[in-house]
Amino acid sequence: MKFQAPKGTYDILPEEQAYWRHVVARTHHVCQLYGYEQIEVPVFEETALFERGVGDTTDIVEKEMYTFPDRGGDSMTLRPEFTAGICRAYAEHGLHGRPQPMRFYAIGPAFRYERPQAGRFRQFFQIDVEVVGSQDPAIDLEVMLVAWHLYEDMGIRGLSFQVNSTGCPVCRPGYLDRLKSYYADRVDTLCEECRRRLHRNPLRLLDCKNESCQPLIEAAPRILDFLCPECDGHFAELRSYLDALARPYRVNHRLVRGLDYYTKTVFEVWAQGIGAQNAVCGGGRYDGLIEMIGGPSTPAIGFASGIERIILTMKSEGITPPALSGPRVCVAYLGREAKAAAVALTQELRGQNIGTTALWENRSLKAQMKNADRLGTDFTLILGTDEIAAGTVTIRRMADSVQQTVSRTDLVEILNGRKEFPCSS
Ligand code: HAM
């Protein structure tokens, strides 16, 4: 019987780790630069949290959640995203009692039963950023800039913002009525999926990718024409900040996002070169979510970004991350007696904080040297019976194959760079 990773999941082999380490390290750096604090929430939560939070007419809740009864009979769901869990934690721990706003970030896996394709997986990693406790459009801009800064820091070019406003409970219902009646008059021309969504979640019709629906979307009523004065003013202020920054952005009236909790600002960052999945991140404001899940009425905004899509973008742009450093020293030995000494030396060097490895397996010196070469170590140390008798070690500098015999007392000093490598022959 042969096993494979489940469909839509993948292994991250050692040769891929440099990308992952780089993205995670830059995320910590940028988030800390903007004053965001790391938070961890569970990988699974009560199913009802996502049903209420993400919304039961969304694709995520309707068909993508990994939901299971636990052994106590409670329904649990692997998190399809972080926002609902972070809001649950905010409400549960009474974080509204602390100085506001609170700025959070999290990194970890999320799970959605989707049709796998390039940049879309069933287990994927998100970088999630949230600011809870502020209505100010300057915070909307700040959150958008965290995303931008992240990608720029990773060397990604060709970025642009897509922005829209989705209104609020005051103005959205009027718009939705208008949208429904617009589509109701044209129901015969709608694709099957849009027909199904028309009454359950009409906003999502603007998101349809089906060719035949495109002319209808273009001519559909636009939410920006229906915003109440508060939402209109909020969006205008955000746009004024974006104008002043002179970053490419487009007001995209089709941008509605696939989660129900959004109010006012929604945005994505698009990067060239990753095809159909060109949104590297998506987010927006969700001023009603915390109250909806039982907390105090609290405005908030955030975004999430899939690490796989960031890495795909880096690769398509030819960006290579800094190489990960391996051990600096390889110990080679000749014969049984030397092996025991090599075991001791290897551990002694690690104790001195010098990364050290050995091939073992009683292989020939040639094979041991080849292994050191493959690993790219700076030095190989050779121990034979002569060296052991004399209390010395032969040290080979791999860059130029210069080899010297040194005393055991000088060895650590040389490896630490406190003493010159003895070049004289
Ligand atoms: P989302 O648009 O569902 O929003 O996902 C955000 C990002 O996660 C996407 O832009 C994409 O990079 C990545 N992503 C989503 N699904 C997959 C998948 N199946 N495979 C690979 N990558 C994926 C949210 O999750 C919201 N919680 C964002 C948010 C935070 N809004 C406010 N705060």
Side-chain angles (χ1 to χ4, degrees), residues 8 10 12 16-31 33-34 36 81-83 105-110 112 114-121 123-130 140-164 206-207 209 238-239 241-243 245-259 262 265-285 301-322:
Y10 53 86
I12 311 172
E16 284 290 301
Q17 295 293 345
Y19 284 98
W20 287 81
R21 286 264 198 110
H22 182 60
V23 170
V24 169
R26 298 326 293 166
T27 302
H28 287 301
H29 170 76
V30 172
C31 288
L33 190 67
Y34 282 74
Y36 287 62
E81 56 110 56
F82 284 69
T83 313
Y105 75 100
I107 307 171
R112 296 184 194 174
E114 292 198 76
R115 200 161 51 79
Q117 50 181 278
R120 188 186 289 167
F121 303 92
Q123 176 178 316
F124 56 100
F125 277 74
Q126 276 192 340
I127 295 165
D128 185 86
V129 170
E130 314 286 355
D140 300 41
L141 180 84
E142 178 185 293
V143 165
M144 292 170 71
L145 289 179
V146 171
W148 190 285
H149 204 130
L150 265 176
Y151 305 131
E152 214 168 48
D153 197 74
M154 292 167 194
I156 298 173
R157 300 282 172 262
L159 298 170
S160 66
F161 283 127
Q162 306 282 315
V163 283
N164 196 14
L206 300 174
D207 209 17
K209 304 286 179 292
L238 172 63
R239 287 187 60 181
Y241 298 144
L242 282 167
D243 288 333
L245 272 175
R247 305 246 163 131
Y249 81 92
R250 189 161 82 89
V251 176
N252 180 348
H253 78 277
R254 302 177 53 154
L255 187 67
V256 290
R257 314 259 317 123
L259 300 95
Y262 290 115
T265 312
V266 285
F267 74 95
E268 290 183 350
V269 176
W270 287 9
Q272 292 163 354
I274 49 170
Q277 312 292 328
N278 51 2
V280 263
C281 82
R285 192 162 263 295
I301 178 165
F303 74 86
S305 184
I307 296 187
E308 298 80 2
R309 289 195 199 169
I310 296 176
I311 293 175
L312 269 177
T313 311
M314 288 173 69
K315 287 182 176 171
S316 79
E317 294 192 13
I319 300 164
T320 44

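In what follows, every heavy atom counts, from backbone to side chain, and hydrogens, waters and symmetry copies are set aside. Remember, it's a predicted structure, so these values are computed and weren't measured experimentally.
Taking all atoms of both residues into account, the shortest heavy-atom contact from Cys281 to Phe267 is SG-CE1, 4.2 Å. Contact detail for Phe121 and Gly8: the closest heavy-atom pair is CB-O, 3.2 Å. Looking at every heavy atom in both residues, Leu159 comes nearest to Ala271 through CD2-CB, 4.0 Å. What you find for His253 and Leu206 is that their closest heavy atoms are O-CD1, 4.1 Å. Here the closest non-hydrogen pair linking Leu145 and Tyr34 is O-OH, 3.6 Å.
How far CD of Gln126 is from OG of Ser305: 8.0 Å, rounded to the nearest 0.5 Å. The distance from the CG atom of Leu33 to the CZ atom of Arg26 is 9.5 Å, given to the nearest 0.5 Å. How far OH of Tyr10 is from CD of Gln123: 6.0 Å, rounded to the nearest 0.5 Å. With values rounded to the nearest 0.5 angstrom, Ile156 atom CD1 is found 6.0 Å from Glu317 atom CD. To the nearest 0.5 angstrom, Leu238 atom CG is 7.5 Å from Ile301 atom CD1. If you take CZ on Phe303 and CE on Met144, they are separated by 10.5 Å, rounding to the nearest 0.5 Å.
Side-chain atoms of Val163 and Leu255, non-hydrogen and from C-beta on, never get closer than 4.5 Å to each other. For the pair Val143 and Arg285, the minimum side-chain heavy-atom distance is 4.5 Å or more. When side chains are defined from C-beta on, Met154 does not count as touching Ile319, because their heavy atoms never get closer than 4.5 Å. Considering only heavy atoms from C-beta on, Ile107 comes within 4.5 Å of Ile307 through its side chain. For the pair Ile127 and Ile310, the minimum side-chain heavy-atom distance is below 4.5 Å. Looking only at side-chain heavy atoms (C-beta outward), Tyr241 and Asp140 stay at 4.5 Å or farther from each other. At a threshold of 4.5 Å between non-hydrogen side-chain atoms, the residues Tyr105 and Asp128 do not count as touching. Counting heavy atoms from C-beta on, the side chains of Asn252 and Trp270 come closer than 4.5 Å.
Between the Glu308 side chain and the Phe125 main chain, a donor and an acceptor come within less than 3.5 Å of each other. Between the Arg309 side chain and the Ala279 main chain, a donor and an acceptor come within less than 3.5 Å of each other.
For Tyr19, there are no ring pair (Phe, Tyr, Trp, His ring centres under 6.0 Å) partners, not counting sequence neighbours.
A donor-acceptor contact closer than 3.5 angstrom links the side chains of Trp148 and Glu152. For the residue pair Tyr151 and Thr313, no side-chain donor N or O sits within less than 3.5 Å of a side-chain acceptor on the partner.
Taking the charged nitrogens against the carboxylate oxygens, Glu81 and Arg112 have no contact shorter than 4.0 Å, which rules out a salt bridge.
Sequence neighbours left out, not one pair with a member in residues 246-256 passes salt bridge (Lys or Arg N to Asp or Glu O under 4.0 Å).
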